[in-house]
2 protein chains.
Amino acid sequence: MPTVNPDPALRPNLADVTPAFTPLYRQIKALMTRDLQAAVWRPGEGIPSEKDLALRFRVSQGTVRKAIDELAAENLLVRRQGKGTFVATHNEEKVQFRFLRLQPDDGDANRMQRRLIDCRRLRANADVANALRLKSGDPVVQVRRVLSFRDKPVVFDDIWLPGNLFQGLSAEQLANYRGPLYGLFESEFGVRMIRAEERIRAVAADAQAALHLGVALGAPLLSVERLSMTYGDSPVELRRGLYDTTAHHYRNHLN
Amino acid sequence: MPTVNPDPALRPNLADVTPAFTPLYRQIKALMTRDLQAAVWRPGEGIPSEKDLALRFRVSQGTVRKAIDELAAENLLVRRQGKGTFVATHNEEKVQFRFLRLQPDDGDANRMQRRLIDCRRLRANADVANALRLKSGDPVVQVRRVLSFRDKPVVFDDIWLPGNLFQGLSAEQLANYRGPLYGLFESEFGVRMIRAEERIRAVAADAQAALHLGVALGAPLLSVERLSMTYGDSPVELRRGLYDTTAHHYRNHLN
DNA sequence: GAGTGGTCTAGACCACTGA
DNA sequence: CAGTGGTCTAGACCACTCG
């Protein structure tokens with residue numbers, strides 16, 4: 001006997017700020033997101049099969065599928081036919097630099113060298129605190145670095161992180177880690193970036209940027225302000241990148 | 001008796017450069033896309049109900065649904081519960097300026113005034129021809145204009161269109177049309193933009209840009225090169241916008 | 001071959017819209 | 001109220017991966 005909510009007991013499980021009607025698959029999705037957030041399922045690992053989940057949640061496989069569909073569309077999960085469904089990770093050959101939209105005008109590869117400038121612990125000013133939802137004066141970590149392409153510096157990054165989430169972060173650790181920054185955040189600090197918003201403008205190079213990027217004072221640079229969010233749209237990184245777009249461009253696809 | 005392809009006659013209908021196996025719903029999707037492209041279903045109009053389509057294609061409603069799901073995800077169709085499924089259009093209050101990512105730093109609204117500079121017919125140079133997949137010397141239309149926000153010029157657009165697709169396009173028509181440019185292209189020339197790629201860089205204002213945007217010579221501007229595609233990824237517009245990002249920014253969401 | 005995700009069906013019922 | 005899209009089920013079979 002098909003009924004829309006065969007197990008109404010599921011409903012009370014959820015914090016109900018919901019729009020009066022929440023389909024089952026969204027409730028399942030919420031439950032799965034909770035397990036992802038709590039690291040019950042860890043990045044790179046496989047989650048239970050659709051059949052198992054259907055049994056566990058006492059719904060049909062189709063309903064679980066729809067939940068997973070949405071999580072996969074949001075890049076939280078990755079499906080691999082014949083193998084299983086896996087928790088997305090920033091530590092993978094394929095999906096590295098997922099958030100870096102800068103590309104060389106010609107050529108293809110994105111092999112970039114990194115050079116760390118400094119990594120300091122200090123107190124958040126009003127702007128940083130506001131963006132990261134902290135209080136002014138709260139501890140933050142600042143990381144500055146340069147990315148180079150074929151030995152030519154292209155990106156000057158200025159990064160702020162909440163101090164309490166990134167306790168042990170050190171210059172040494174940053175220098176030694178291989179793979180993208182977000183991979184380190186994920187595996188060493190359990191902080192997974194799932195979404196980000198960027199504000200892009202054109203600015204004139206100041207002395208510091210000119211020095212690190214090897215351009216003239218006042219040269220036009222792309223300023224990319226990024227706020228990265230983890231589960232629950234909680235902001236956990238503020239980053240300001242200055243890009244030299246002489247031989248590179250920021251690529252965007254509009255749909 | 002459930003079989004994956006109850007009507008194998010469907011398969012031969014499609015140009016088969018396909019990856020050995022094409023699911024039914026993708027074949028349905030291709031057929032529907034064909035009808036969209038041929039303007040059998042026109043922008044703003046409703047398409048047949050899922051039940052009707054299921055009957056017509058001799059598949060189950062679920063299969064039609066999956067085809068429509070993808071078309072809706074690509075913004076070719078819009079679903080409205082209780083009403084029907086409609087062909088997306090650029091002529092709607094809600095979705096205007098779908099491709100313009102520029103926003104004022106404060107405030108919200110996107111009310112922009114337009115000022116047409118000129119609209120000329122000329123011959124494509126190598127760059128324009130290459131981008132639009134034309135031959136050098138083929139006829140093109142160039143449109144230049146300025147967008148202002150609160151009487152302050154913010155965007156200087158330089159637009160190239162294939163001459164043969166936009167025969168009657170005139171300065172007068174451009175000046176009189178209310179609503180977004182892509183709305184006019186859609187309703188007057190049957191050319192619908194469904195996708196675009198942008199290359200963004202920071203550049204220094206030249207004399208012309210400085211004049212039209214009211215900024216100093218050499219001031220940093222955002223250069224946004226956009227190539228817009230219609231059905232079949234056929235490029236039909238090349239646009240170079242220069243944005244004054246003093247009080248505005250280009251907003252992007254990363255997933 | 002067993003196990004996974006992917007496709008497809010047939011049918012029921014729910015939520016929403018508008019006449 | 002009828003008609004639309006949206007959800008859900010149960011079950012079958014297909015495509016893919018790997019031991």
Side-chain angles (χ1 to χ4, degrees), chain A residues 1-11 14 18-32 41 45-73 76-88, chain B residues 1-11 14 18-32 41 45-73 76-88:
Chain A
M1 57 205 93
T3 129
V4 173
N5 280 308
D7 184 2
L10 268 172
R11 287 184 178 279
L14 302 165
T18 53
F21 168 68
T22 310
L24 243 188
Y25 74 86
R26 281 213 194 274
Q27 303 174 44
I28 306 292
K29 183 185 170 190
L31 291 173
M32 294 179 67
W41 303 325
E45 293 180 0
I47 70 169
S49 74
E50 296 179 353
K51 214 179 63 172
D52 285 355
L53 290 170
L55 282 171
R56 174 184 307 187
F57 293 128
R58 305 217 276 144
V59 298
S60 80
Q61 182 178 337
T63 301
V64 169
R65 253 192 95 68
K66 193 146 187 187
I68 295 179
D69 277 345
E70 291 203 353
L71 291 169
L76 298 189
L77 295 177
V78 177
R79 322 187 81 134
R80 286 186 212 141
Q81 179 170 128
K83 300 174 74 173
T85 302
F86 301 80
V87 181
Chain B
M1 46 188 110
T3 130
V4 173
N5 280 307
D7 185 3
L10 268 173
R11 286 184 177 278
L14 302 165
T18 53
F21 168 68
T22 310
L24 244 188
Y25 74 86
R26 280 213 195 275
Q27 303 174 43
I28 307 292
K29 182 185 170 189
L31 291 172
M32 293 178 69
W41 304 323
E45 294 180 359
I47 71 170
S49 75
E50 295 179 354
K51 214 180 62 171
D52 285 356
L53 290 170
L55 281 172
R56 173 185 310 188
F57 293 128
R58 306 217 275 144
V59 298
S60 79
Q61 181 177 339
T63 300
V64 169
R65 252 191 96 68
K66 194 148 186 186
I68 295 179
D69 278 344
E70 291 202 353
L71 291 169
L76 297 189
L77 295 177
V78 177
R79 322 187 81 134
R80 287 188 213 138
Q81 180 169 130
K83 299 174 75 173
T85 302
F86 300 79
V87 181

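These numbers were taken from a predicted model, which means no experiment stands behind them. All chains are named by letter (A, B, ...) in the order of the sequence lines, taking the proteins before the strands, and each is independently numbered beginning at 1.
- Here A:K51 pairs with A:S49 under the side chain to side chain contact (heavy atoms under 4.5 Å, CB included) rule; sequence neighbours left out.
- With sequence neighbours left out, A:R79 forms a side chain to side chain donor-acceptor pair (under 3.5 Å) with A:E50, A:D69.
- Here D:dG3 presents its P atom at 18 Å from CD1 of B:I47, a figure rounded to the nearest Å.
- Taking atom CZ on B:F86 and atom P on D:dT4, their separation rounds to 11 Å, with Å as the unit.
- Nucleotide D:dG6 holds its C1' atom 8 Å from the CZ atom of A:F21, rounded to whole Å.
- Annotation: salt bridge (charged side-chain N to carboxylate O under 4.0 Å, His left out) contacts of B:R80 (sequence neighbours excluded): B:E92.
- Checked against salt bridge (charged side-chain N to carboxylate O under 4.0 Å, His left out), A:K66 has no partners two or more places apart in sequence or in another chain.
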Would A:L53 and A:I28 count as a side-chain contact (heavy atoms from CB on, under 4.5 Å) if you check the C-alpha gap in whole Å, the side-chain angles of each, and the deciding distance to 0.1 Å?
-> CA-CA 9 Å; A:L53 290 170; A:I28 306 292; over 6 Å; no
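- Across the protein-nucleic acid pair, A:Q61 atom CD and D:dC13 atom P stand 15 Å apart, rounded to whole Å.
- As a whole-Å value, the separation of B:R65 CZ from D:dT9 C1' is 15 Å.
- When the nucleotides C:dC8, C:dG6, D:dT7 are ranked by their closest atom to the side chain of A:P23, D:dT7 comes out on top.
- Taking atom CZ of residue B:R58 and atom C1' of nucleotide C:dA10, one finds them 17 Å apart after rounding to whole Å.
- Of the candidates D:dG6, C:dT7, D:dT9, the closest approach to any side-chain atom of B:E50 belongs to D:dG6.
- Listed candidates were D:dT9, C:dA15, D:dG5. Nearest to the side chain of A:T63 is D:dT9.
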What protein N or O atoms touch nucleotides 17-19 of chain C N or O atoms at under 3.5 angstrom, if any, and at what distances?
unit_1, atom_1, unit_2, atom_2, d
C:dG18, OP1, B:K83, NZ, 3.3

